[in-house]
2 protein chains.
Amino acid sequence: MVTAHEGSRAGSKAMATSTRTDVGRKRLGGTRLGTRGQPEESRAAILKAAVGEFAEHGVAGARTDAIARAAHVNKALLYYYFKDKDALYEAVLDHVFSGLRARVVPVLESKLLPREKMLEYLAAYFDYIAANPRFPRVVQAEWTRSPGKHTARMERIAREYFRPIYQKLVEVLQAGMETGDFRRVNPMDFLPSMVAVIVLYFSAAPVMKTLMKVDPLSAERIAERRAFVLEFISAALFARRP
Amino acid sequence: MVTAHEGSRAGSKAMATSTRTDVGRKRLGGTRLGTRGQPEESRAAILKAAVGEFAEHGVAGARTDAIARAAHVNKALLYYYFKDKDALYEAVLDHVFSGLRARVVPVLESKLLPREKMLEYLAAYFDYIAANPRFPRVVQAEWTRSPGKHTARMERIAREYFRPIYQKLVEVLQAGMETGDFRRVNPMDFLPSMVAVIVLYFSAAPVMKTLMKVDPLSAERIAERRAFVLEFISAALFARRP
DNA sequence: CTCTCCTAATTAACCAGTTAGTTAGATTAT
DNA sequence: ATAATCTAACTAACTGGTTAATTAGGAGAG
């Protein structure tokens, strides 16, 4: 028996073969799809379903059966593609953070001036989360626990994704402070606060829906929120010119 | 058989009777404590242990056996004092939020001017969380899930704790904006952002420990963080006088 | 071109360990 | 006694993970 989950990302070019829409897995008209069909589609479907389950119920509360059902796939297939529930969660984390990194690093490596670079960074971060509002919930599901083997995983995530971005942001801050564009702030305090303002709005969206009458995830509301976040951080960071 | 978990807060004055330290329930020297001993102490021990478990593992990941063990109490006693795991979690939420309300509402009802009142509010909020760094994690464990019967509970919590505080804060903001002390902000955006900045630092403490070399919960670090938060919100909210 | 055989992809059925919750009774203060 | 407080032992249901078997696309032989 051969499993697919060892070796990084086997056969990822297969993605382009089928032009069929991702209705995928459903058996329509008696034709039995799903057998020897689209391996990469299956993997993707599982991952997507896992995002939903983990976001909704947390990592311990997530049911592998439910993930399989949502992905229109047999449960054993989860274990064919991923070692176990935990590895699946780790794959989800990688999916989330590599996506963020892809959006954000180009901005940080651009030649913009500190002010503009910071604003572009914020916008890119915000837009990525706004396009995937469940991601903060998925992350915070595990993000908050301290001990155990979680630590090892968290350290990897931190090393691979956070640290490089963090480092570049520190440089932006220092540059801006030197030119006098930015107020003097401690990066260790300021940067997490930026993340907090962007992220918590989305992870708290369910509660906010019960608290306000507006839908916090409606397009207009999100546009407003976006403007606010940029304004808010600007006010907190940019020096007032005399 | 009689259970204690119906009727709100039965016999809560018993708390003051015993001056003994809360080593409590351990059977030391053959004396069998725990039987008809300190009912309110048992309840409190369970609640405290539950806070720890829920913070560490989330609501689904929390093990009732572990809670009982940590409280030095038989598991069945959980079900004597609380209807079920879910009710226990609800009790924990009430514990957390009533504590917060108790600290924060007096400030909001004081006669301070908008600027000072807002700063006092922030300080009170921050200090409460800093004294109980696990609380944000307990809350966010469930705070993020949308559907199901969670909704009913969330609505109760929102109505009972959030809404009154929120309302008072809106008034403070409006007063400050009218006097020109505050910049013009949308409360619906500004207030959650304040919470975000205070709270996320603590719920993310585990990750931050792996990211920075400093312990994010050390006394000095927390003092620094406190100053930063006040400064940060001030910069974002207070109008620059020309 | 087609018949085999190989193998990746997929599934139905199952199992062993766990876990929330229960029961029937014990202990003790009043 | 009687009722409040507490416990050891038990169970019903669930859940992560496994297994053995199945399906069909493709490669090579003829």
Side-chain angles (χ1 to χ4, degrees), chain A residues 1-7 10-15 17-18 24-27 30-46 50 53-54 57-69 71-89, chain B residues 1-7 10-12 14 17-18 24-27 30-46 50 53-54 57-69 71-89:
Chain A
M1 172 176 295
V2 182
T3 53
H5 53 65
E6 59 259 344
S12 33
K13 66 326 175 105
M15 204 83 202
T17 29
S18 130
R25 223 121 312 289
K26 243 181 272 175
R27 57 219 56 178
T31 329
R32 184 139 171 298
L33 299 181
T35 309
R36 186 74 223 230
Q38 7 323 84
E40 214 57 30
E41 272 84 341
S42 292
R43 222 194 113 98
I46 292 171
E53 259 288 298
F54 286 136
H57 305 285
V59 74
R63 298 295 157 235
T64 54
D65 289 279
I67 295 175
R69 208 177 324 119
H72 300 287
V73 145
N74 187 280
K75 185 172 58 146
L77 204 59
L78 300 197
Y79 295 93
Y80 177 69
Y81 283 112
F82 304 96
K83 183 170 162 291
D84 55 19
K85 193 189 184 183
D86 211 61
L88 174 56
Y89 179 67
Chain B
M1 171 178 295
V2 182
T3 54
H5 54 67
E6 60 257 348
S12 34
T17 29
S18 130
R25 225 120 310 288
K26 242 180 271 175
R27 56 219 56 175
T31 329
R32 184 141 170 295
L33 298 182
T35 308
R36 186 74 231 232
Q38 11 320 85
E40 214 57 30
E41 272 84 342
S42 292
R43 220 194 113 98
I46 292 171
E53 261 287 299
F54 286 135
H57 305 285
V59 75
R63 297 292 155 237
T64 54
D65 288 280
I67 296 175
R69 207 179 322 120
H72 301 288
V73 145
N74 187 282
K75 183 172 59 146
L77 204 58
L78 301 197
Y79 294 92
Y80 176 69
Y81 282 112
F82 305 95
K83 182 170 164 290
D84 55 18
K85 193 189 183 184
D86 211 62
L88 174 57
Y89 179 67

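Below, read A as the first sequence line, B as the second, and so on, with proteins coming before strands; counting in each chain starts at 1. All values derive from a computational prediction rather than experimental measurement.
- Put simply, OH on B:Y89 is 21 Å from C1' on C:dG21, counting in whole angstrom units.
- For the pair A:K75 NZ and D:dT19 P, the computed distance is 13 Å after rounding to whole Å.
- Taking atom CG on A:D84 and atom P on C:dG17, their separation rounds to 17 Å, with Å as the unit.
- Nearest heavy atoms, A:A71 versus A:A45: CB-O, 3.6 Å.
- Note that the CZ atom of A:R63 and the NZ atom of A:K75 stand 11.0 Å from one another [nearest 0.5 Å].
- Annotation for B:V59 and B:K85: closest pair O-NZ, 2.9 Å, computed over non-hydrogen atoms.
- The CZ-P distance, from B:R43 to D:dT5, rounds to 11 Å in whole Å.
- Contact of A:K85 with D:dG17 (side chain to base): no donor-acceptor pair of N or O atoms is detected under 3.5 Å.
- Atom pair B:L78:CG and D:dT5:C1' shows a separation of 14 Å (rounding to whole Å applied).
- No contact: A:A68 has no heavy atom under 4.0 Å from any strand.
- Contact annotation: A:T64 side-chain N/O to D:dT15 OP1/OP2 distance is not under 4.0 Å.
- Between B:R63 and C:dA20 there is a side-chain N or O to OP1 or OP2 distance below 4.0 Å.
- Note: CG (B:D65) to C1' (D:dA9) measures 13 Å, nearest angstrom.
- For the atom pair A:L78 CG and A:D65 CG, the distance stands at 8.5 Å (nearest 0.5 Å).
- Considering only side-chain atoms of A:V73, the nucleotide from C:dA9, C:dG21, C:dT11 that sits closest is C:dT11.
- To the nearest angstrom, C1' of D:dT23 lies 13 Å from OH of A:Y80.
- In this structure, OH of B:Y79 is placed 14 Å from C1' of D:dA12, rounded to the nearest angstrom.
- Each of A:A60 and A:A76 lies near DNA chain D, and the nucleotide nearest A:A60 is the one positioned closer to the 5' end.
- Side chains of A:Y80 and A:N74 form no contact here, defined as non-hydrogen atoms less than 4.5 Å apart.
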